[in-house]
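Working notes, structure below.
Atom set for the values below is all heavy atoms of this structure, side chains included, hydrogens, waters and symmetry mates excluded. Both ligands and their constituent atoms are indexed starting at 1 by order of listing.
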Amino acid sequence: MPGLDDFLAANVSVALVHYPVVDKNGMDIASAVTSLDLHDIARSARTYGVDSFRIITPLVDQQDLIKQIIDHWITGVGSAYNPDRKDALALIKVHFTLAEAVKALTQIIGTPPRTVVTSARMANSNLSHAGLRDLVKISTPLLLIFGTAWGLAQSIIDEADYRLEPIQGNGSYNHLAVRSAVAVILDRLFSGRK
Ligand code: SAM
């Protein structure tokens, strides 16, 4: 039977931005979609019960690639081979822009989600992980925004409602794959509630 945790998680969506993100020189670019990110983030999203996994790319060839991967697992051979994967990949929605994703969620929820950006090097963060847990507890619809390449463009960070404090490792090395960062943050949000 669905419990409070399921209700809270249903208020949370994850976005993975491929444009605008920055390259190693800090220039805004569009990155390529990685099949691993699609699978692994969709599986984390499904495991923690989040509402949707929204992939942002304005590149039509990249959108076609995402569609091919999803089709294989949702209606193609993969759907019979591994129904669990179908469940996870069914959470994926594709948008040209982050604004389009926010608009789609606003239409579904009836109110704009609060946006939360993430980075390993977040200057001026204004939200702790404990604060994020509190936001979810009061049922605020949230869109957790993750980057690719060398991270989210400054314009995306500046426009967000909240800048989440980075996950800290042990020591100065801090280079998590985005799919690892998503799993850690979802676990901090939802683990230990039951
Ligand atoms: N230095 C870049 C940064 O964190 O923005 C590296 C980008 S990393 C390859 C891709 C994405 O993973 C980031 O945009 C962020 O969403 C997420 N990420 C990686 N490490 C993180 C950390 N320590 N804390 C929070 N998010 C992290």
Side-chain angles (χ1 to χ4, degrees), residues 9 12-48 50-59 62 65-66 88 91-102 105 113-136 141-191:
V12 176
S13 285
V14 168
L16 182 65
V17 175
H18 296 83
Y19 177 82
V21 289
V22 292
D23 68 9
K24 65 194 274 190
N25 301 311
M27 301 296 291
D28 282 10
I29 54 154
S31 64
V33 167
T34 305
S35 174
L36 269 178
D37 286 343
L38 264 56
H39 281 264
D40 291 359
I41 295 174
R43 291 164 71 177
S44 293
R46 181 68 186 88
T47 298
Y48 288 92
V50 311
D51 178 64
S52 58
F53 170 28
R54 294 180 183 264
I55 300 178
I56 316 302
T57 174
L59 303 179
Q62 297 294 295
L65 176 64
I66 299 167
L91 294 179
I92 294 179
K93 315 277 179 221
V94 183
H95 299 282
F96 281 90
T97 63
L98 187 62
E100 186 186 288
V102 170
L105 278 167
R114 299 289 172 87
T115 52
V116 180
V117 284
T118 59
S119 170
R121 285 173 298 179
M122 185 67 81
N124 306 321
S125 65
N126 62 358
L127 186 66
S128 63
H129 290 102
L132 183 62
R133 286 172 73 93
D134 288 343
L135 273 182
V136 173
L142 292 177
L143 179 59
L144 302 178
I145 303 168
F146 294 85
T148 54
W150 269 257
L152 294 165
Q154 195 59 44
S155 57
I156 297 283
I157 293 175
D158 290 344
E159 283 165 17
D161 296 312
Y162 297 103
R163 299 178 296 280
L164 185 65
E165 65 176 352
I167 301 160
Q168 299 294 351
N170 282 323
S172 57
Y173 189 97
N174 194 348
H175 296 281
L176 291 173
V178 64
R179 47 194 179 277
S180 306
V182 172
V184 169
I185 289 171
L186 289 180
D187 192 66
R188 286 189 181 177
L189 252 182
F190 297 118
S191 73

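- Looking at I167 next to ligand 1, an N or O pair under 3.5 Å apart turns up.
- Proximity of A120 to ligand 1, defined as any heavy-atom pair under 4.0 Å, is shared by backbone and side chain alike.
- Protein heavy atom nearest atom 18 (N) of ligand 1, with residue, atom name and distance: A181 CB, 3.5 Å.
- Close approach to A149 involves these atoms of ligand 1, each under 4.0 Å from a residue heavy atom: 7 (C), 9 (C).
- Tested against F146, the residues I41, I185, D37 include a single side-chain contact (heavy atoms from CB on, under 4.5 Å) partner, I185.
- Atom 2 (C) of ligand 1 has W150 O, 3.1 Å as its closest protein atom, hydrogens excluded (heavy atom only).
- Here the protein heavy atom with the shortest distance to atom 5 (O) of ligand 1 is S119 OG, 3.0 Å.
- For ligand 1, the atoms lying closer than 4.0 Å to a non-hydrogen atom of G151 are 5 (O), 7 (C), 14 (O).
- Looking only at side-chain heavy atoms (C-beta outward), R179 and L36 come within less than 4.5 Å of each other.
- Put simply, CD on Q154 and CG on D28 are 9.5 Å apart, with the number rounded to the nearest 0.5 Å.
- Checked options L164, L144, V178; the residue passing with T118 is L164 (criterion: side-chain contact (heavy atoms from CB on, under 4.5 Å)).
- With a heavy-atom cut-off of 4.0 Å, V21 does not touch ligand 1 at all.
- Protein heavy atom at the shortest distance from atom 16 (O) of ligand 1 is T118 OG1, 2.7 Å.
- When all heavy atoms of P166 and S119 are compared, the closest pair comes out as CB-O, 3.3 Å.
- The ligand atoms of ligand 1 that sit less than 4.0 angstrom from a heavy atom of R121 are 1 (N).
- Residue-ligand proximity, F146 to ligand 1, at heavy-atom distances under 4.0 Å covers atoms 16 (O).
- Checked by distance only, ligand 1 and G147 come closer than 3.5 Å through their nitrogen or oxygen atoms.
- How far NE2 of H39 is from CD1 of I92: 7.5 Å, rounded to the nearest 0.5 Å.
- Counting heavy atoms from C-beta outward, F190 and V50 have side chains that approach closer than 4.5 Å.
- Nearest protein heavy-atom neighbour of atom 8 (S) of ligand 1: L176 O, 3.9 Å.
- Crowding of R188 atom CZ: a count of heavy atoms from other residues, nucleotides or ligands under 6.0 Å exceeding 12.
- Residue contacts with ligand 1: N174 is placed with a nitrogen or oxygen under 3.5 Å of a nitrogen or oxygen of the ligand (distance criterion only).
- Contact check for P113 versus S13: no side-chain heavy atoms found under the 4.5 Å cut-off.
- In summary, of the residues considered (V17, V94, L105, V14), a side-chain contact (heavy atoms from CB on, under 4.5 Å) with R54 occurs for L105 alone.
- Using a 4.0 angstrom heavy-atom cutoff, S180 does not count as in contact with ligand 1.
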